[in-house]
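FYI, side chains are in, hydrogens and waters are out, and symmetry mates aren't considered; it's all heavy atoms of this structure. Count residues from 1 along the sequence. Just so you know, these numbers come straight off a predicted model, no measurement behind them.
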Amino acid sequence: MRDAAHRQVDPLTTDALIARKIVVPTQRGVVVARPRLFRLLDDGSRYPLVTVVAPAGWGKTTLLSTWLAERADDSVVAWLSVDQEDDDPVRFWSQVIRTVTHALALPPDHALPTLRPTRATSNDVRFVAEMIDVLAALPEQVCLVIDDVHEITEPSIPAGLTYLVGHTPPNFRLVLSGRFLPGIPLGRMRVLDEVLEINAAALGFTDTELTSVLDGAGHSVEPEDTARLLQRTEGWPAGVRLAQLAMSGTVGATAALTDLTGEESVVAEYFGTEVFDRQDPATREFLLHTCVTDALTADLADALTGRNDSEQLLETMARTNTFIGIQGRRPWYRYHQLFAETLRSTLRREDPQRMRAQHRTAARWHLEHGDAVAAVRHAVDGGDLATARLALGRVWLRLVLDGELTTLNRVLDLLPRDTVSADAELVLVRAVLHLESGRHRRALADVETGERLIHRLDGADRARAAAVAATVRLRLAQLGGDINGARHAGEAVLSSPALEVDDPLRAMALLGLGVCEYFTGRRAAAQEILREGLRIARTTGHDYLVTGFLSQLAVVLTAQDRPVEAVDAAQEAVALAQRRGWGATPQMAVTWHALGWAHFLWNRLDEADLYLDRAELAAPSGDAALLAVIHMVQGLVQSLRRNHDAALALLTTAERDLGDVIDRFVFRSYIQAEVVRLLVTTGRLDEADRRLAAHRDGQPSVSLAVAEAELAWARGDAAAALVVVESAPGGTGSGFLDQHLQARVLSAVLTAELRRPDDADRILEEALDLALPGHYRQPFLQFGEARTLLEAHRGCPAHRRFVADLLGADDAPVTGAAGPGAEVLSDREVEVLGHLAAMLTAAEIGAEMFVSVNTVKTHLKSIYRKLGVSSRRQAVARGVELGIVRPGPGRM
């Protein structure tokens with residue numbers, strides 16, 4: 001592309017000042033290559049108009065000059081840099097003519113240089129029309145770049161430019177660059193796709209471009225520091241340059257580079273001379289009075305300034321790119337963060353009392369408009385602790401119920417620590433925050449402090465504070481296994497005169513009470529309580545609380561022998577949590593557990609493993625009851641896989657989790673019985689007998705009855721075993737359906753062994769009838785002898801498909817890679833073995849598979865046992881030999 005920079009300026013026709021204005025600027029120093037923008041400008045050749053509009057320092061001139069320098073086509077570039085002196089129609093159009101004439105090296109007698117705008121003609125678009133006719137007759141393609149077009153304020157000039165754009169000849173292209181376009185309407189051109197617009201968002205550095213800039217300047221900066229600088233500058237090229245200037249000769253250069261603030265002298269000086277000082281006095285005052293907020297509306301600006309025309313002023317500043325952006329539909333306006341910091345520094349230095357007053361005004365405005373978080377921040381900055389306390393009191397519960405604990409912690413930290421500790425409501429809020437974050441000892445200490453301070457409150461405030469304290473007490477008691485204490489605290493919350501029927505605090509109490517009823521075996525009561533709490537959560541619109549209730553309902557429905565409904569509830573919780581980013585929160589541990597339990601019942605063991613691993617990772621460390629049931633089901637999965645040692649280790653862990661924290665726990669006998677069954681399976685009959693002896697005089701249990709029967713059977717007395725299993729408590733209220741199905745299947749097997757085939761088939765048919773609605777599979781896979789009975793039952797029309805499924809699934813617990821001389825690995829174990837071959841550590845395998853390190857170790861023990869090896873190297877070698885994994889290092 002040819003341009004005026006490569007021509008000899010005629011001193012007789014062009015003075016030195018004009019000469020500098022009609023050549024493409026030469027860039028000094030290192031200029032970052034910006035191919036993405038160059039491509040955009042190249043593609044813009046089909047548009048009659050290209051605009052490059054952004055605030056000061058966004059690299060508009062640099063972009064255009066470097067792009068033009070790299071162009072290789074034959075079009076002619078005419079460049080004009082305008083200034084305030086060109087804000088005259090005669091002078092402006094004369095400059096345009098002179099620029100194009102010079103770029104094309106036209107002779108003096110050519111039609112274009114002979115055009116002479118006058119005071120009369122330059123205000124008339126007919127002069128522009130005449131110029132267009134001359135331009136259209138030119139034999140070459142011309143690109144006219146007018147830089148700093150924002151300097152034009154005379155209305156007739158934008159009108160002429162608008163006419164020029166609307167009637168551009170095919171051989172002519174116009175590029176306008178500046179901080180804003182002075183009165184040139186683009187609406188119609190946008191609709192007709194006749195304009196290419198490049199704005200600050202496009203001009204801002206990308207991560208790659210910023211890295212290139214820093215590398216070119218010799219700065220060795222880590223990726224996270226580059227990201228920090230990009231966030232601080234918002235991609236503003238001049239901001240990056242100012243950061244480099246700020247670090248010159250400083251110790252800790254990287255910190256100076258990446259922690260750039262608007263208070264830095266070079267930044268403040270730039271904004272002062274290039275932005276602030278260029279505004280009229282009223283606008284400067286407006287900027288200082290509104291800079292205290294991160295974002296503002298016209299209403300907020302009116303409140304801060306006492307004006308009634310803030311909307312017009314904000315729109316003008318946005319249109320003229322005074323480092324202010326528009327976001328949202330209301331709209332909200334936001335100053336560039338470095339510009340805002342410079343303004344705040346100025347206000348703080350010149351009028352600190354005014355700054356505090358502005359913060360107090362902003363606090364009151366935000367409180368009135370429902371943004372209590374912003375109100376707290378401004379109130380604290382303005383020294384108005386009373387308003388800060390009031391705002392926090394309005395917002396804390398919503399933040400808890402919406403899962404915004406980080407925000408609540410940040411807001412609470414704004415208040416002085418001694419102020420919080422001396423205020424009953426605030427210290428109870430801190431107790432709730434500790435509780436939800438798993439800091440139970442701190443929660444207990446704060447609730448005790450809060451209860452001592454409650455007497456300072458009056459009336460409804462005292463009653464509500466007492467309800468908050470009782471809510472914390474309920475959860476702490478539930479976690480500690482004090483069911484009576486939890487129920488007592490829950491009743492105090494539900495009967496509080498300070499709470500309406502649909503108060504979210506009541507919902508929190510109902511959630512805790514529902515968990516208590518579930519773990520003590522009162523499943524119907526738990527479901528009723530949880531559904532009432534779910535109704536409140538949905539009514540009040542708190543999704544975080546909704547996921548909590550759906551999670552607990554999922555496990556209660558599973559315990560009520562309704563796994564299909566349970567999975568529906570769990571999947572609704574998962575969908576909601578994934579939309580909001582709550583997949584790893586403690587309350588979702590219950591959801592993952594419910595899904596793992598249901599998939600175990602359906603014999604989908606790989607899926608069960610995945611869900612249970614997620615549950616273990618998400619579960620709070622202090623929730624012994626939840627950890628116990630997670631480890632219990634993990635043990636059941638391993639037992640069904642025939643990984644007896646791993647199963648026994650997990651069930652023993654479940655017993656240890658439980659300890660003595662809960663007197664009555666619905667899964668206690670289940671865990672005890674499964675430990676005994678594993679001891680029987682592994683031939684440790686005397687140990688199994690000793691364990692059973694401790695429970696023979698206790699509450700009858702179907703699971704312990706099955707274990708007792710299996711022990712008798714293992715000792716060769718099938719008749720005694722049948723007597724024991726038939727004496728097991730009846731009705732699902734005394735146990736879970738899978739336990740009763742195990743008892744029936746075992747009864748059928750024992751009956752068949754005692755040569756009563758018809759009775760055995762009848763008992764098996766009863767079990768199939770019970771199992772079919774919930775698709776229970778695993779109880780039929782507990783006993784290898786049941787397969788013969790199922791084969792004989794294939795012809796029953798009512799169960800044909802289910803039995804075929806069971807017979808097909810009988811090997812499912814141990815399907816996977818096979819080889820001679822090796823027990824078959826599960827799919828999950830094959831995956832772990834593949835990661836071993838890739839030389840990953842146990843921690844890295846856990847990260848790859850989203851499981852805990854302990855779970856990885858359990859899989860490793862099972863792999864070593866099945867493959868008959870004792871080390872990683874041997875396991876990988878054996879896997880290669882069997883064709884399970886590929887040889888060689890690297891991730892698979």
Side-chain angles (χ1 to χ4, degrees), residues 597 600 605 608 612 627-660 665-729 735-736 738-747 749-750 753 778-786 813-814 823 854 857-859 861-862 864-866:
W597 187 8
F600 159 72
L605 302 188
L612 293 168
L627 287 168
V629 294
I630 291 171
H631 290 139
M632 179 194 79
V633 183
Q634 285 177 325
L636 294 176
V637 170
Q638 293 303 320
S639 179
L640 205 55
R641 289 190 187 279
R642 320 297 194 249
N643 297 335
H644 301 135
D645 291 342
L648 191 57
L650 285 163
L651 289 164
T652 302
T653 300
E655 281 189 309
R656 187 169 60 249
D657 291 332
L658 207 55
D660 297 322
F665 183 63
V666 69
F667 292 101
R668 188 183 294 277
S669 63
Y670 202 148
I671 295 171
Q672 294 166 342
E674 289 299 322
V675 169
V676 171
R677 294 184 67 222
L678 281 166
L679 292 173
V680 171
T681 300
T682 54
R684 289 177 273 182
L685 304 187
D686 291 341
E687 185 178 350
D689 189 39
R690 285 195 298 274
R691 279 185 169 263
L692 282 170
H695 307 296
R696 284 176 180 137
D697 296 331
Q699 183 75 24
S701 159
V702 62
S703 56
L704 288 171
V706 170
E708 188 82 64
E710 286 193 75
L711 177 60
W713 189 23
R715 285 174 167 169
D717 194 343
L722 182 60
V723 170
V724 172
V725 76
E726 287 181 339
S727 68
F736 301 100
D738 61 310
Q739 296 173 315
H740 288 280
L741 288 170
Q742 285 179 23
R744 287 174 185 262
V745 173
L746 178 57
S747 180
V749 169
L750 292 170
E753 186 170 319
Q778 64 84 12
F780 298 91
L781 307 176
Q782 298 281 338
F783 312 100
E785 296 81 356
V814 288
E823 190 176 343
N854 285 336
K857 291 178 179 178
T858 298
H859 287 313
K861 289 179 182 177
S862 177
Y864 291 174
R865 180 186 61 76
K866 288 184 177 182

Nearest non-hydrogen partners of [X] and [Y], listed with the distance:
X: Ala673; Y: Ala707; answer: O-CB, 3.8 Å
X: Ser639; Y: Leu678; answer: OG-CD2, 3.7 Å
X: Ala628; Y: Ala654; answer: O-CB, 3.4 Å
X: Val725; Y: Ala743; answer: CG2-O, 3.5 Å

**Asked** Do Gln778 and Gln782 have side-chain atoms, one donor and one acceptor, less than 3.5 Å apart?
**Response** yes
**Request:** Decide salt bridge (charged side-chain N to carboxylate O under 4.0 Å, His left out) for Arg668 and Glu655; before the verdict, give the C-alpha distance in whole Å, the side-chain angles of both, and the deciding distance to 0.1 Å.
**Result:** CA-CA 8 Å; Arg668 188 183 294 277; Glu655 281 189 309; over 6 Å; no
Euclidean distance, [Y] [atom2] relative to [X] [atom1], rounded to 0.5 Å:
X: Leu650; Y: Met632; atom1: CG; atom2: CE; answer: 11.5 Å
X: Leu692; Y: Glu710; atom1: CG; atom2: CD; answer: 10.5 Å
X: His740; Y: Ser747; atom1: NE2; atom2: OG; answer: 13.5 Å
X: Ser703; Y: Phe667; atom1: OG; atom2: CZ; answer: 11.0 Å
X: Leu746; Y: Leu741; atom1: CG; atom2: CG; answer: 12.5 Å
X: Glu687; Y: Thr682; atom1: CD; atom2: OG1; answer: 8.0 Å

Less than 4.5 Å apart, any side-chain heavy atom of [X] and any of [Y]?
X: Lys866; Y: Asn643; value: yes
X: Glu785; Y: Glu753; value: no
X: Leu685; Y: Leu679; value: no
X: Val676; Y: Gln672; value: no
X: Glu708; Y: Leu711; value: yes
X: Asp657; Y: Thr653; value: yes
X: Gln742; Y: Phe780; value: no
X: Asp645; Y: Lys861; value: no

**Message:** Is there a side chain to side chain contact (heavy atoms under 4.5 Å, CB included) between Arg656 and His631? Walk through the geometry before answering.
**Reply:** CA-CA 10 Å; Arg656 187 169 60 249; His631 290 139; over 6 Å; no
**Request:** Step by step, work out the salt bridge (charged side-chain N to carboxylate O under 4.0 Å, His left out) result for Asp689 and Arg684.
**Result:** CA-CA 9 Å; Asp689 189 39; Arg684 289 177 273 182; over 6 Å; no
**Request:** Could you go through the side chain to side chain contact (heavy atoms under 4.5 Å, CB included) check for Val749 and Trp713 one step at a time?
**Result:** CA-CA 11 Å; Val749 169; Trp713 189 23; 3.6 Å; yes
**Prompt:** For Arg691, does the CZ atom sit with more than 12 other heavy atoms under 6.0 Å from it, leaving out its own atoms?
**Reply:** no
**Request:** Specify whether Phe736 and Trp597 have parallel, tilted or perpendicular ring planes, treating 30° as the upper limit for parallel and 60° as the lower limit for perpendicular.
**Result:** perpendicular
